[in-house]
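FYI, side chains are in, hydrogens and waters are out, and symmetry mates aren't considered; it's all heavy atoms of this structure. Sequence lines set the chain letters: A, B, ... in the order given, protein chains first and strands last, and positions in each chain run from 1. Bear in mind the structure is a predicted one, so any value in this text is a computation, not a measurement.
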2 protein chains.
Amino acid sequence: MGTKSILTIGTLAKATGTNIETIRWYEKVGLLEAPDRTPGNYRAYTAAHLSRLSFIRRARDLGFSLDQIRTLLGIAEQQDQSCEAIDAIARGHLVDVNQKIAALQALGRELDSVIGQCRHGRVAECRIIEALAPTAK
Amino acid sequence: MGTKSILTIGTLAKATGTNIETIRWYEKVGLLEAPDRTPGNYRAYTAAHLSRLSFIRRARDLGFSLDQIRTLLGIAEQQDQSCEAIDAIARGHLVDVNQKIAALQALGRELDSVIGQCRHGRVAECRIIEALAPTAK
DNA sequence: ATGGACACTGTAGTCGCTACAGGGTCAAGG
DNA sequence: CCTTGACCCTGTAGCGACTACAGTGTCCAT
């Protein structure tokens, strides 16, 4: 029962759907703790690494930046503090996401109207080009 | 009347709302033709540069990549060809934009539900952290 | 002559990876 | 025992689209 089962980087990669290079990169930038090494210098990950990496990937999927994740992880370690800060980060991120959606929707509408003007003629009279070059009459 | 009025890079930058460094960078990557130089080695832009840069910036605002813009500019120069290709690029880009919107909306919904679970207690029982770390019960 | 605004080149940094190149390690099969 | 092939290691360079210097030169008004 004291036996720690060890994971290679490849196993960890498959288990979390992460690229091997990405895992090494998370280590390099201090997101994922550097694991012990085997005698052959292979990284030997533990279950703790697996759950931490899962956390990171899930947060990435939700669009958090690595910096935000670093902060979240830092807070998550101080189990007895209030989780206001976590809530604030998540809410702030949601605001960002909603802003991005609004911007993209505006852009989509504009693109749509530009495309709607194309009469499929020659380039010289293409309305798309005209729409893109407002100063060049 | 044969006098060509010349624009410095700073004037061009202000006129198009572009960073000076960005203009030099567009030149470096072949999007904006390198202008003649003054005796003091300053870039001397013409009205043609202004309208081309306006085109680039407008297309960037609409979310086209520099590669797409390069293609658009290349087509725009061949005035007597059909504008099918331009239409195709614009339509393809619209598809991308709509996909991005859908992805962000899904993400926003998920974030929303994660945030909704926060009971503002201590980190140890924070539902946001739990939601992010699905394997670490 | 001098000050300040503007311009020049070149390099490094951003974010979040991805893609090598050139090696070392390990387990299974012959 | 040896080879094959899958896996792992380090280190570096590249992506897109810029941004931010550092160190130097130019221009114009006073």
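The interatomic distance linking A:Ile23 (CD1) with C:dC17 (P) rounds to 12 Å, in whole Å. Distance A:Lys28 NZ to C:dT14 C1': 15 Å, rounded to the nearest Å. Rounded to whole Å, atom C1' of C:dG13 lies 13 Å from atom CD of B:Glu21. Following rounding to the nearest Å, B:Arg24 (CZ) and D:dC21 (P) show an atom-to-atom distance of 14 Å. Residue A:Glu27 contributes atom CD, which lies 15 Å from atom P of C:dC17 at whole-angstrom precision. For A:Trp25 and D:dG14, the CH2 to P distance is 18 Å, given to the nearest whole Å. Here the C1' atom of nucleotide D:dC9 and the CD1 atom of A:Ile20 are 11 Å apart, to the nearest Å. One atom, CD1 of A:Ile56, and another, P of C:dC15, lie 16 Å apart when rounded to the nearest Å.
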- Summarise protein proximity over nucleotides 25-30 of chain D in one line of letters, 5' to 3': B for base, S for sugar-phosphate only, - for none, counting protein heavy atoms closer than 4.0 Å. BBS---
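Contact check, A:Arg43 against D:dC8: no side-chain N or O comes under 4.0 Å of OP1 or OP2. Between C:dA7 and B:Thr8, a contact under 4.0 Å exists linking OP1 or OP2 to a side-chain N or O. Considering only side-chain N and O atoms, A:Arg37 lies under 4.0 angstrom from the phosphate OP1 or OP2 of D:dT10. For C:dC17, the OP1/OP2 oxygens have a side-chain nitrogen or oxygen of A:Tyr26 closer than 4.0 Å.
B:Tyr42 has its side chain out of reach of B:Arg37: every pair of non-hydrogen atoms, C-beta onward, lies at least 4.5 Å apart.
Salt bridge B:Arg122/B:Glu125: present, at least one basic N to carboxylate O contact under 4.0 Å. Under the 4.0 Å criterion applied to side-chain N and carboxylate O atoms, A:Arg58 and B:Glu110 are assigned as salt-bridge partners.
Here OG1 of B:Thr22 is found 12.5 Å from NZ of B:Lys28. Values are rounded to the nearest 0.5 Å.
In the hydrophobic clustering of ILVMFWY residues, with side-chain heavy atoms under 4.5 Å counting as a link, A:Leu12 and A:Ile56 come out together.
Shown for residues 61-75 of chain B: residues whose heavy atoms fall under 4.0 angstrom of DNA chain D, namely B:Ser65, B:Leu66.
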- Test B:Glu77 against B:Arg52 for salt bridge (charged side-chain N to carboxylate O under 4.0 Å, His left out), laying out the working first. CA-CA 11 Å; B:Glu77 265 165 21; B:Arg52 184 139 172 157; 2.7 Å; yes
- Can A:Thr8 and A:Thr11 be said to form a side chain to side chain donor-acceptor pair (under 3.5 Å), step by step? CA-CA 5 Å; A:Thr8 65; A:Thr11 316; 2.7 Å; yes
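Counting only N and O atoms by type, the side chains of B:Arg57 and B:Tyr26 include a donor and acceptor under 3.5 Å apart.
Of the candidates C:dG16, D:dC8, D:dC18, the closest approach to any side-chain atom of A:Arg60 belongs to C:dG16.
Other residues, nucleotides and ligands contribute only 12 or fewer heavy atoms inside 6.0 Å of the CD atom of B:Glu33.
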